A.B. asks: 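Could you have a look at this structure, given as structure tokens, before my questions?
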Amino acid sequence: MTRVLVTGGAGYIGSHTCVELVSRGYEPVIVDNFVNSSPKAIDRICQLTNRPVDWYEADVRDTARIAEIIAKHECEAAIHFAGLKAVGESTEKPLEYYSANVMGTHSLIEAMLQSGASQIVFSSSATVYGEPEFLPYTESHRLRPTNPYGNTKLTAEMLLNDVAGSGALTDVAILRYFNPIGAHPSGMIGEDPNDIPNNLMPYVAQVAVGRRPHLNVFGNDYDTADGTGVRDYLHVVDLARAHVLALDRFKHTHGPFTVNLGTGNGSSVLDVVRAFEAACGKSIAMEFAPRRAGDIAAFWADPSLAHELLGWHAELTLEDMCRDQWAWQSQNPQGYEAA
Ligand code: NAD
Ligand code: WQD
């Protein structure tokens with residue numbers, strides 16, 4: 001059985017990926033410092049997969065400790081989710097973001113080289129593209145992030161590609177996620193923001209469950225069909241599956257590659273609200289508010305390269321995403337804390 005180090009494995013996308021890894025015959029070994037997650041998520045992964053999962057409370061910047069964990073479990077590969085992801089916070093705390101996201105990636109690579117692991121899947125983001133020159137974004141679109149978070153993701157991508165170029169890492173998969181939402185269909189794991197959610201879907205779900213009075217819709221005067229922002233939302237379980245396919249590819253094809261992961265379709269804020277209302281059977285109170293600084297009007301992915309290289313395409317619909325988000329939110333109204 002192939003053992004895989006999963007950094008940030010207790011987080012939103014990491015927890016769903018651990019479940020997919022187990023169901024496809026991989027053995028995840030989780031490392032997380034719990035800065036934005038809870039060990040309770042790991043209990044839920046174990047319940048869902050019906051088996052124990054090895055995990056360590058550790059920081060990816062602790063190179064010696066990570067190398068020791070990789071060596072102990074003889075991990076061949078790493079999936080690197082650990083990092084900080086709030087765009088607004090990154091403009092206030094750029095040093096923290098470079099430390100977690102760039103130095104964290106540097107440290108993980110060092111630990112892998114010290115302990116003999118040579119395959120890595122990295123969580124990048126559509127935010128590396130910046131203001132669209134054309135849509136849908138293809139992987140060859142200009143890279144010009146507009147915030148420190150995006151700069152850290154692009155820097156980590158360059159670091160990984162340079163190390164792959166030197167031959168030290170044999171396999172590097174850079175996955176540029178669009179907007180992951182939803183949860184495991186069981187409702188047992190999902191996104192559990194620490195504070196007031198920054199992102200649309202968890203905010204809408206917290207309004208539905210009564211934790212927030214209303215949704216602020218940031219801008220209704222964009223040049224889009226209904227005036228609200230358009231994004232490429234994809235189901236987190238589809239996203240998780242792509243990580244497993246990247247590891248599968250490493251078995252027969254070597255070298256670095258970068259792919260977009262999205263559905264290829266855009267939905268507006270109002271489309272998402274309407275779909276969520278249908279899924280939860282409640283109406284979502286909302287107010288129109290000014291545009292959020294730094295927001296792009298609309299963007300979505302060209303996911304055809306991911307299909308070509310990984311055989312991956314998104315299978316689940318916006319309805320599935322809302323149904324499963326509601327299953328998670330209604331079963332865990334206060335997230336993992338009350339568990
Ligand atoms: P998350 O915050 O739920 O998960 C990240 C996990 O990493 C958390 O469990 C956190 O505690 C852990 N962590 C953070 N810093 C760490 C460190 N120094 N050492 C060890 N653990 C650390 O976020 P997520 O939504 O699951 O995102 C996972 C990855 O995907 C991140 O790298 C993020 O930037 C990237 N990404 C996310 C999105 C999105 O919309 N959610 C989109 C594009 C890219
Ligand atoms: C979606 C739409 C908002 C909240 C961010 C990061 C990106 C990636 C995903 C990590 C926009 C509108 C939102 C609200 C609203 N993360 N909105 N009211 O901005 O595409 O991307 O998260 O890599 O890097 O930038 O996602 O969910 O914040 O916003 O009207 O309370 O919903 O204006 O049009 P975004 P989002």
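For ligands, and for the atoms within them, numbers begin at 1 and follow the listed sequence. Owing to the predicted nature of the structure, the values given are computational and were not obtained by experimental measurement.
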A.B. asks: Identify, for atom 6 (C) of ligand 2, the protein heavy atom at the shortest distance, and state residue, atom and that distance.
C.D. replies: V87 CG2, 3.7 Å
A.B. asks: Side-chain heavy atoms nearer than 4.5 Å, only ILVMFWY residues, links allowed to pass through others: does that put L239 and V244 together?
C.D. replies: yes
A.B. asks: Which residue owns the protein heavy atom closest to atom 12 (C) of ligand 2, what's the atom, and how far is it?
C.D. replies: V269 CG2, 3.7 Å
A.B. asks: Could you tell me whether some N/O pair between V60 and ligand 1 is separated by less than 3.5 angstrom?
C.D. replies: yes
A.B. asks: Do me a favour and list the nearest non-hydrogen protein atom to atom 3 (O) of ligand 1 with residue, atom name and distance?
C.D. replies: Y12 N, 2.8 Å
A.B. asks: Quick one: look up the protein heavy atom nearest atom 17 (C) of ligand 1 and list residue, atom name and how far away it is.
C.D. replies: N33 ND2, 3.3 Å
A.B. asks: Look at atom 9 (C) of ligand 2 and say which protein heavy atom is nearest, naming residue and atom and giving the distance to 0.1 Å.
C.D. replies: N179 ND2, 4.0 Å
A.B. asks: Could you go through the side-chain contact (heavy atoms from CB on, under 4.5 Å) check for I196 and R212 one step at a time?
C.D. replies: CA-CA 9 Å; I196 301 173; R212 314 263 162 220; 3.7 Å; yes
A.B. asks: How close does the nearest protein non-hydrogen atom get to atom 2 (O) of ligand 1, and which residue and atom is it?
C.D. replies: N36 ND2, 2.6 Å
A.B. asks: Return the residue, atom name and 0.1 Å-rounded distance of the protein heavy atom closest to atom 23 (O) of ligand 2.
C.D. replies: Y149 OH, 2.6 Å
A.B. asks: Between H73 and Y56, is the gap from one ring center to the other below 6.0 Å?
C.D. replies: yes
A.B. asks: State whether a side-chain donor-acceptor pair under 3.5 Å links N332 with R44.
C.D. replies: yes
A.B. asks: Out of curiosity, is D59 lining ligand 1, as in a heavy atom under 4.0 Å away?
C.D. replies: yes
A.B. asks: Whether R249 engages the ring of F257 as a cation-pi pair (distance to the six-membered ring centre under 6.0 angstrom, angle to the ring normal within 45°) should be assessed.
C.D. replies: yes
A.B. asks: Contact between ligand 1 and A58 is defined here as a heavy atom of the residue under 4.0 Å from a ligand atom; is it met?
C.D. replies: yes
A.B. asks: Just need the protein heavy atom nearest to atom 24 (P) of ligand 1, so name the residue and atom and give the distance.
C.D. replies: K85 NZ, 3.7 Å
A.B. asks: For ligand 1, is there an atom lying under 4.0 Å from some heavy atom of K153?
C.D. replies: yes
A.B. asks: Taking the basic N atoms (NZ, or NE/NH1/NH2) and the acidic carboxylate oxygens, is any pair closer than 4.0 Å for R3 and E74?
C.D. replies: yes
A.B. asks: Could you tell me, atom by atom, which parts of ligand 2 come under 4.0 Å of a heavy atom of N216?
C.D. replies: 14 (C), 15 (C), 18 (N), 30 (O), 31 (O)
A.B. asks: Quick one: does ligand 2 sit under 4.0 Å from the side chain of N198, the backbone, both or neither, non-hydrogen atoms only?
C.D. replies: backbone
A.B. asks: Just checking, any donor-acceptor pair under 3.5 angstrom between side chains of S124 and E157?
C.D. replies: yes
A.B. asks: I need the nearest protein heavy-atom contact for atom 6 (C) of ligand 1: residue, atom name and distance, please.
C.D. replies: G8 CA, 3.6 Å
A.B. asks: Between K40 and D43 (salt bridge meaning N to carboxylate O under 4.0 Å), is one present in this structure?
C.D. replies: no
A.B. asks: Give a yes/no on ligand 1: does P180 have at least one heavy atom closer than 4.0 angstrom to it?
C.D. replies: yes
A.B. asks: Of all the heavy atoms in N179, does at least one lie under 4.0 Å from an atom in ligand 1?
C.D. replies: no
A.B. asks: Would G9 count as a contact of ligand 1 if the rule is a heavy atom under 4.0 Å away?
C.D. replies: no
A.B. asks: Among protein heavy atoms, which lies nearest atom 10 (C) of ligand 1, and at what distance?
C.D. replies: D32 OD1, 3.4 Å
A.B. asks: What's the shortest distance from atom 29 (O) of ligand 2 to any protein heavy atom, and which residue and atom give it?
C.D. replies: R292 NH2, 3.4 Å
A.B. asks: Answer yes or no: is there an ion pair linking D59 with R65, defined by an N-O contact shorter than 4.0 Å?
C.D. replies: no
A.B. asks: Could you work out, for atom 4 (O) of ligand 1, the closest of G11, A41, S123 by heavy-atom distance?
C.D. replies: G11
A.B. asks: In terms of residue, atom name and distance, what is the protein heavy atom nearest to atom 11 (C) of ligand 2?
C.D. replies: R231 NH2, 3.8 Å
A.B. asks: Quick one: nearest non-hydrogen protein atom to atom 36 (P) of ligand 2, plus distance?
C.D. replies: N199 ND2, 3.5 Å
A.B. asks: Give the single entry among Y222, F218, Y233 that approaches atom 1 (C) of ligand 2 most closely by any heavy atom.
C.D. replies: Y233
A.B. asks: Specify the closest pair of heavy atoms between S267 and V272, including all atoms of both residues, with the distance to one decimal.
C.D. replies: CB-CG2, 4.3 Å
A.B. asks: Starting from atom 34 (O) of ligand 1, find the nearest protein heavy-atom neighbour and note its residue, name and distance.
C.D. replies: Y149 OH, 2.6 Å
A.B. asks: Any chance the side chains of Y97 and E89 put a donor and an acceptor closer than 3.5 Å?
C.D. replies: yes
A.B. asks: So which heavy atom in the protein is nearest atom 7 (C) of ligand 2, and how far is it from that ligand atom?
C.D. replies: S125 OG, 4.2 Å
A.B. asks: With no hydrogens and no angle check, do the side chains of Y129 and N260 hold a donor and an acceptor under 3.5 Å apart?
C.D. replies: yes
A.B. asks: In terms of residue, atom name and distance, what is the protein heavy atom nearest to atom 27 (O) of ligand 1?
C.D. replies: I13 CD1, 3.8 Å
